[in-house]
Amino acid sequence: MKLSVPGRVTATAVVATVSLLAGGSIAGAAPAGQPAVAAAPDIPVANVKAHLTQLQSIATANGGNRAHGRAGYKASLDYVKAKLDAAGFTTTVQQFTSSGRTGYNLIADWPGGDTGQVVMSGSHLDSVTAGPGINDNGSGSAAVLETALAVSRAGYHPTKHLRFAWWGAEELGLVGSRYYVNRLSTTDRSRISGYLNFDMIGSPNPGYFVYDDDPAIEKTFKTYYAALGVPTEIETEGDGRSDHAPFKNAGVPVGGLFSGADYVKTAAQAAKWGGTSGLAFDRCYHSSCDTTANINDTALDRNSDAVAYAVWELSR
């Protein structure tokens, strides 16, 4: 996904561009007499890649994968939890059993905000047994983690309550996210104003796909990419194949991003996004070669910034 952009466009610059195009003021510079509204921060791609390096190391030290019920998964969860605990989040580990093995979800709540309006962002943390799962789905997990850490660094106090999640056993059929959703009371489900899913956002031959399940959430992501000058397409390859599905089925508004898996990039898509037509978006999908070498830095950078942009915009 090598669409050329002059220089580096940060998330903050995009917020300003979107606001000015809409006839408003730059985010963070409020009109006289009104409180300032914080702009979404730029998410340093180096930080996201550092998390991916850690997940790769964990897999390498634990039989080459981070799959459900394996030591590599639990070590991955412990790594993410330690980062969040140190940053001031309230973390909860939810335990379940699938295929005779113990699995875990990690839920992290940022103190404050209206708990009657919860903006939730999540990704699955498990890999398949065939490999370390760095694009699928270290990429989404690392971007969600770094966005959560950015919330802490900024001391962000949104109107709505922020919750982040890392799901177990997605590769076995969305087991962890189903477990979580099925145990929510009707009231607690109604309190989730939106669930954002990030599953594979650094594909090496990437596309820029946006979920179209909820108009408001979809518009948020499209606005971000329009300001970058990056065209998007509606996500269809993974519909129902990732952790947004249990939320959607329970009536929760959902949205998210995706950079492509084993489908083949068309000539038209290569013309607008760069990359190679006739080649899968991720030729290492569910394979041993899904390592830290299997990441497109530009796609990872843009999508990570888009995660933060959506979290900030939807939680104001």
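Note that the structure is a prediction, hence the values are computed from the model and not measured. Positions are given from 1 along the sequence.
When atom types are taken as modelled, the side chain of D188 and the backbone of L184 share no donor-acceptor pair closer than 3.5 angstrom. Side-chain atoms of T291 come within 3.5 Å of backbone atoms of A293 as a donor-acceptor pair (strictly under, hydrogens ignored).
Within the 4.5 Å cutoff, the side chain of W166 has heavy atoms near those of the S123 side chain. Residues Y180 and Q94 are in side-chain contact: their nearest non-hydrogen atoms beyond the backbone lie under 4.5 Å apart. Side-chain atoms of R70 and N65, non-hydrogen and from C-beta on, do get closer than 4.5 Å to each other. Using a 4.5 Å cut-off on side-chain heavy atoms (C-beta onward), D114 and K160 make no contact. When side chains are defined from C-beta on, F221 does not count as touching Y208, because their heavy atoms never get closer than 4.5 Å.
For the side-chain contact (heavy atoms from CB on, under 4.5 Å) with S139, the qualifying choice from I201, N294, N303 is I201, the only one to do so.
A distance of 12.0 Å separates SG in C284 from CG in D262, rounded to the nearest 0.5 Å. With rounding to the nearest 0.5 angstrom, the CG atom of D212 is 11.5 Å from the CD1 atom of I217. If you take CG on L300 and NZ on K49, they are separated by 8.0 Å, rounding to the nearest 0.5 Å. Atom CG of L77 and atom OH of Y104 lie 8.5 Å apart (nearest 0.5 Å).
Taking the ring centroids of F209 and W273, they lie under the 6.0 Å cut-off. Taking the six-membered ring wherever Trp is involved, the centroid distance between the rings of F258 and Y211 does not fall below 6.0 Å.
For the pair R183 and Y179, the cation sits on the ring face: its NZ or CZ lies under 6.0 Å from the ring centre, inside 45° of the axis.
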>> Is there a side chain to side chain contact (heavy atoms under 4.5 Å, CB included) between L162 and Y156? Walk through the geometry before answering.
In response: CA-CA 10 Å; L162 292 179; Y156 184 40; 4.0 Å; yes
> Can D85 and T91 be said to form a side chain to side chain donor-acceptor pair (under 3.5 Å), step by step?
Replying inline: CA-CA 7 Å; D85 287 340; T91 59; 2.6 Å; yes
> Stepwise, does the side chain to side chain donor-acceptor pair (under 3.5 Å) test hold for R302 with Y225?
Replying inline: CA-CA 9 Å; R302 289 171 173 170; Y225 279 105; over 6 Å; no
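N135 and D282 share a side-chain donor-acceptor pair at under 3.5 Å. Between the side chains of D136 and H124, at least one donor N or O lies within less than 3.5 Å of an accepting N or O. Between H68 and E171, the side chains place no donor N or O within less than 3.5 Å of an acceptor N or O (distance only, hydrogens not considered).
With sequence neighbours left out, A61 forms a side chain to side chain contact (heavy atoms under 4.5 Å, CB included) with no residue at all.
Salt bridge status for R163 with D109: present, with a side-chain N to carboxylate O gap under 4.0 Å.
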